[in-house]
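Notes for the one structure printed next.
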Amino acid sequence: MDPITLVVKDAFVIRGRGVLVYPAVDIDHAKPARLTVDLAYPDGTTRQVPGQLMIEFQILLNGGRRTDVLVVLDESVGAVPPGTTLTARIVDHDGPGNATE
């Protein structure tokens with residue numbers, strides 16, 4: 001699978017999960033996976049952190065459904081400011097049968 005690249009617009013914490021970055025990732029047939037994530041900050045500095053690819057299934061109030069593919073980092077919200085370019089690569093899939101094709 002090609003690397004996932006996005007520019008962070010927002011980041012927020014979900015207790016027990018970590019920092020979720022927005023926007024969601026546009027990937028077909030995604031499965032949960034561990035990631036290596038390169039962060040390129042607006043000031044030009046870079047660093048590498050571990051992360052996860054998480055699949056969220058939502059039932060909307062209007063009766064519709066939505067699936068989001070999110071990148072989750074073990075970081076603080078302040079460590080991923082808006083404008084940061086995130087490039088993620090799959091390191092390992094979370095269990096048998098969870099390969100991203």
Heavy-atom pair of closest approach, residues [X] and [Y]:
| X | Y | answer |
| --- | --- | --- |
| V19 | E75 | CG2-O, 2.6 Å |
| I90 | A33 | CG2-CB, 4.0 Å |
| T84 | P42 | OG1-CD, 3.8 Å |
| L35 | L53 | CD1-N, 3.7 Å |

Cluster check V72, I14: I/L/V/M/F/W/Y, side chain < 4.5 angstrom: yes
Within a strict 4.5 Å, meaning less than it, do heavy atoms of the [X] and [Y] side chains meet?
| X | Y | result |
| --- | --- | --- |
| L6 | P23 | yes |
| L86 | T5 | no |
| L20 | M54 | yes |

Intermediate values then yes/no, side chain to side chain contact (heavy atoms under 4.5 Å, CB included), V49 and L39: CA-CA 8 Å; V49 299; L39 300 173; 4.0 Å; yes
Side chain to side chain contact (heavy atoms under 4.5 Å, CB included) between I4 and R89, worked out: CA-CA 7 Å; I4 300 161; R89 291 172 186 77; over 6 Å; no
Check: Y41 side chain, A79 main-chain N or O, donor-acceptor pair, under 3.5 Å: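 Pair found, side chain donor or acceptor close to backbone of A79.
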Residue that, paired with Q48, satisfies side chain to side chain contact (heavy atoms under 4.5 Å, CB included) out of D38, V37, T87: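 With Q48 as partner, D38, V37, T87 yield a single side chain to side chain contact (heavy atoms under 4.5 Å, CB included), made by D38.
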